[in-house]
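Here the structure comes first, spelled out in C-alpha cells, and everything after it is commentary.
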Amino acid sequence: MGEAFIKLLQSPLVAELVAVAATSALAALAEHGFTSSSGGTRGKRAGKAVKEAGKAAAAAVGRRLGNEIDEIKKAAKASKGGAKA
C-alpha cells in the first residue's frame, strides 16, 4: 500500500496539481499583499493573505481535477461508442 501511495505522489497529475496550487496561492498572496489597503495590522493582513491563498489554491485544484474527470468521462463514452460499432 505504501508503494502505491509513493507511485501516486510521483504521478504527473499530482505534480501538476501541486504546481497549479502553488501558482494560484502565490498569485493570491501577491495580489493581496500589493492591493490590500485595509487599516488592519500587518499580522492580520498576512493572516488574511494566507487564508485567501489557501482558498485560491483549493479552487484551482478543484477546477483542474474537474477538468481531468470530465476528460476521463469523455474518453470513456468515446470508448463505449467505439466498442458498439
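Every value quoted in this text rests on a predicted model; they were computed, and no experiment measured them.
The two atoms that bring Ala57 and Ala25 nearest to each other are CB-CB, 4.2 Å, heavy atoms only. Taking both residues in full, the closest heavy atoms of Val14 and Leu9 are given as CG1-O, 3.8 Å, listed atom of the first, atom of the second, then distance.
Looking at Ser24, its side chain does come within 3.5 Å of a backbone N or O of Val20 through a donor-acceptor pair.
To the nearest 0.5 Å, the span separating CG on Asn67 from CD1 on Ile72 amounts to 11.0 Å. The structure places NZ of Lys74 at 9.5 Å from NZ of Lys77, a figure rounded to the nearest 0.5 Å. For the atom pair CD of Glu31 and CG of Leu29, the computed distance is 10.5 Å after rounding to the nearest 0.5 Å.
Cluster membership for Leu13 and Val61, using ILVMFWY side-chain heavy atoms within less than 4.5 angstrom, is shared.
Applying the side-chain hydrogen bond (donor to acceptor under 3.5 Å, both in side chains) test to Glu16 and every residue at least two apart in sequence or in another chain returns Arg64.
With a 4.5 Å cut-off on side-chain heavy atoms, Lys55 and Glu52 count as touching.
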